[in-house]
Amino acid sequence: MEALLGTYVMGIGEAEEFSERLKRELQALEAANVHALLESEPLMDEVLQGLDAATSCVEDMDEWLSIFNVKLRHMREDIASIETRNNNLEMQSVNNKSLIEELDKLLERLRVPSEYATNLTGGSFDEARMLQNVEACEWLTSALRGLGVPNLDPSYANMRAVKEKRAELEKLKSTFVRRASEFLRNYFASLVDFMISDKSYFSQRGQLKRPDHADLRYKCRTYARLLQHLKSLDKNCLGPLRKAYCSSLNLLLRREAREFANELRASTKASRNPTVWLEGSTGSGQNVNATDTSTVSDAYAKMLTIFIPLLVDESSFFAHFMCFEVPTLVPPGGVVNGNKAGYDDDDDLGIMDIDENDSKSGKNSAELEALNKSLKDLLDGIQEDFYAVVDWAYKIDPLRCISMHGITERYLSGQKADAAGFVRDLLRDLESRISMQFNRFVDEACHQIERNERNVRQMGVLSYIPRFATLATRMEQYIQGQSRDLVDQAYTKFVSIMFATLEKIAQTDPKYADIFLFENYAAFQNSLYDLANIVPTLAKFYHQASEAYEQACTRHISMIIYYQFERLFQFTRRIEDLMFTVAPEEIPFQLGLSKMDLRKMLKSSLSGVDKSIAAMYKKLQKNLTSEELLPSLWDKCKKEFLDKYESFAQLVAKIYPTETIPSVAEMRDLLASM
C-alpha cells in the first residue's frame, strides 16, 4: 500500500478521486478474469472428461476390491479352520503321549517282580535269606499302599486291571503271612525245647545258675523286622504269634524259677527257730539266744535280685519284639533296682523306623491292656516258686517275714513303668503273702498269750512280758524300709492282747488284782524302756502301761491305808459327806461326830501309830513278788498317807478348832524315821 500510495502525490482532499480510481481498476481486473475464463473453456472440458474417466476407473477398482475382500475372507475362514484342526491334532497327540506315559507308570505299579513273588510264595525263612524276605515285604507293603485310594487316583481304583492286581497282591500277602506265622510259631517252640533239653541251662545240685537269655534274644532279634512287616501287612496275625511265644517261653521261665528256687532252698543252711515265743509253759529265756537266720532272707533277696530284673527285661523285650506300641519299659542299657538290665546298648531291634505314626493315648491304653494280658500268659505260674521260697523262709523263722516284706517293698517301689504290670502285681502278691504269713505268726503268738488266762491262779510277772521285750528287740533288728508299718501293727495287736489278758487274769482274784497288775505293768516298762525311746508305737504303750501302773498302785496303797486306819478315815469321810448339807459349826452336834467321838477315834487310831505304820509296811511287803518295787511303793504309800492325814487335820482345825491332834509335821517326821 505504501508503494501504491507513493505513486500518487495528492493531498488529503483527493480521497474521493483515489477511491474512484480504485473502483475503475477493480472493474478492469474483473473484466480481465471473465475474459480469461472464457478463453480457458476447452481446457475445462478436457479436465471434466479426465475426471469422468477417473471416476469410472475408481468404480471399477472398488468392485474389484470388494471381490478380493470376499475371497480373502473365505481364505481367512479356511485358514482358521485348518489351524483349529491342527491344534486339535496336536492336543490329541500330547494327550495320547501323556496317557501312554501314565499307563506305563500304572503297568509298572501293577507288575510283580518275579524274585519278590518267589520269596513271598515259597522262599526260605533261614537267617541268610531274611534280607531278601524283608525286601519282598517292603515291596509288598509299598505296592499295596500304592494301590490304595490316597496314593492312587480314585478314577483308577475301579479299573478291572487294578482290582485284579489288588486281589493278586492280597493273595500274595495272605500266603506270606500264613507261611511266616507258621514258621515263627515252630521256631519259638524249637528254641525253647532246645534250651529245656539242655540241663546245663538250669541250676543243679550245688550250683545256682543265673538264667541267661542273651542267645535266645539274639536269635529272636533276627526276625524282629519280619514281625514288624507282618504287623503292617496283617495286624491280626500277631495275636496267635504272641500266644505261641508266651506259651513257649513260659515253660522255660517256670522251669528256670523252679530249679533255682529248689537249689536255693537246698543250699541255704539255717537252723529252724521255734515259733513259740510267748507260750506260758516254756522257760522264759528260750529265745534270747535264737540262731541267726539271716541266710533265709538273703536267699529270698537273691531270688528277687536274679528274677525281678529278668522278668522286667523279658517284659520289655516282649513288648518291643512283639510290636506293642507302648512307652519304653527300661531304656537300653538301663538299670533296674541297681542291677543292669539284660538289654545291651546294641540291643536294637531295628524296627523303630517302620511305623512313624504317633501313638494316640486311646490307642496306647488299648495296647497296654493287650500287653498286660499277654504278659500274664508269658509269666503266669512263676509266682508259685516265689511263694514256695516265702513259705520255706516262714517255717524256718517267721520273723524273717519282716525282712522279706522290706525287701519286696523296695523292689515294688522301683517298678514305675506301665508295661511292667505283671511284675508289679507279682511283687504285690508276694507282699500280701508275706504279710499273711506274718499275721499268722502274730495271731498264733496272741493265742499263746491268751492261753495264759486259762492257767491256775498266777502271781508275779507273767512270762510273756519279758519275752515280748526279747521278741520286739529281734523284730526291730529285722526291719527294712517300709516294713515299719507291718511291725507296728504287730506291736499294737500283741500289746492290746497282753494288756487285755492281764486284766482278765487279775479279775480271777480281786484281792491281789492290783498287786498283780502293777507288778506286770512295771515289768513291761522296765523291759521295754530302751526300745520305747526309739520306737514311737512302743512309746505309746509304754505310757499306757505307766498310767495303768500308777492307777493300780494308787488303789492298792489306798486299800492298805484304809485297812490300818479305817476308823480315822471313815470319820473323815463322814464329815466330808455332811459338809454338803450341814454347816461346819453344827457338825460336832451330829450323832457319832461329837468331840467325844473324835477323841475316842483318835485314841483308838493314833495310839501306837508307829506300830500301825509298821504293820502297813509289812502288809505292803507281804504279797509282793517283785522286791525291787517295794522302795518306790513305800514312798508312794507314805506320801498318800500324809496327804490324807493333812486333809484330816485341816477338817479337824475347821470343825473342832479347840481340839488338838498330832501335827502333820510330827507325822512326817515319824514316817521319815521309820
Side-chain angles (χ1 to χ4, degrees), residues 1-7 19 21-117 138-170 172 356:
M1 283 302 286
E2 287 178 354
L4 181 61
L5 288 175
T7 61
S19 174
R21 183 180 175 182
L22 288 175
K23 283 180 182 176
R24 285 193 302 275
E25 289 181 2
L26 176 63
Q27 288 173 356
L29 286 170
E30 285 178 351
N33 284 340
V34 169
H35 184 264
L37 285 171
L38 290 174
E39 283 182 349
S40 60
E41 182 178 0
L43 292 173
M44 291 294 292
D45 289 339
E46 289 178 14
V47 170
L48 287 173
Q49 288 175 359
L51 287 172
D52 288 339
T55 302
S56 177
C57 287
V58 167
E59 287 175 354
D60 290 342
M61 191 176 292
D62 183 55
E63 187 175 349
W64 293 343
L65 285 173
S66 62
I67 291 168
F68 289 151
N69 191 37
V70 170
K71 288 183 177 182
L72 286 172
R73 188 172 68 248
H74 286 307
M75 286 177 67
R76 193 163 50 247
E77 288 174 357
D78 291 343
I79 289 168
S81 176
I82 291 168
E83 189 174 329
T84 301
R85 286 200 301 273
N86 187 52
N87 289 341
N88 288 338
L89 286 172
E90 284 184 5
M91 186 182 296
Q92 187 175 359
S93 174
V94 169
N95 287 339
N96 286 339
K97 185 178 179 182
S98 298
L99 178 61
I100 290 170
E101 289 176 358
E102 198 65 31
L103 288 174
D104 285 342
K105 290 179 185 177
L106 183 60
L107 285 172
E108 185 62 30
R109 281 191 187 184
L110 300 180
R111 189 177 70 83
V112 180
S114 58
E115 65 273 16
Y116 292 155
E138 289 174 347
W139 174 85
L140 181 58
T141 304
S142 64
L144 284 168
R145 193 181 293 126
L147 292 182
V149 171
N151 299 306
L152 184 70
D153 193 301
S155 57
Y156 293 164
N158 294 321
M159 289 176 64
R160 190 177 70 182
V162 173
K163 288 181 179 178
E164 288 175 354
K165 188 56 63 175
R166 190 183 295 123
E168 183 182 344
L169 292 179
E170 289 290 342
L172 274 177
E356 297 174 354

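In terms of the side chain to side chain donor-acceptor pair (under 3.5 Å) criterion, residue partners of Ser81 (sequence neighbours excluded) are, by chain and number, Arg85. Considering only residues two or more places apart in sequence or on other chains, Lys23 meets the side chain to side chain contact (heavy atoms under 4.5 Å, CB included) condition with Ser19, Glu20. For Asn87, the side chain to side chain contact (heavy atoms under 4.5 Å, CB included) test picks out Glu83, Glu90, with sequence neighbours left out.
Listed for the Ser98 side chain is a donor-acceptor partner under 3.5 Å among the backbone atoms of Val94. Here the side chain of Asn69 pairs no donor or acceptor atom with the backbone of Leu65 at under 3.5 angstrom.
Here the straight-line distance linking atom CG of Leu48 with atom CG of Leu43 works out to 11.0 Å at 0.5 Å rounding. Taken to the nearest 0.5 Å, the CG atom of Asn96 stands 10.5 Å off from the CG atom of Leu89.
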Got a list of side-chain donor-acceptor pairs under 3.5 Å for residues 29-39, not counting sequence neighbours?
residue	atom	partner	partner atom	Å
His35	ND1	Glu39	OE2	3.2
His35	NE2	Glu39	OE2	3.3

May I have the list of side-chain donor-acceptor pairs in residues 53-62 shorter than 3.5 Å, sequence neighbours left out?
residue	atom	partner	partner atom	Å
Thr55	OG1	Leu51	O	2.8

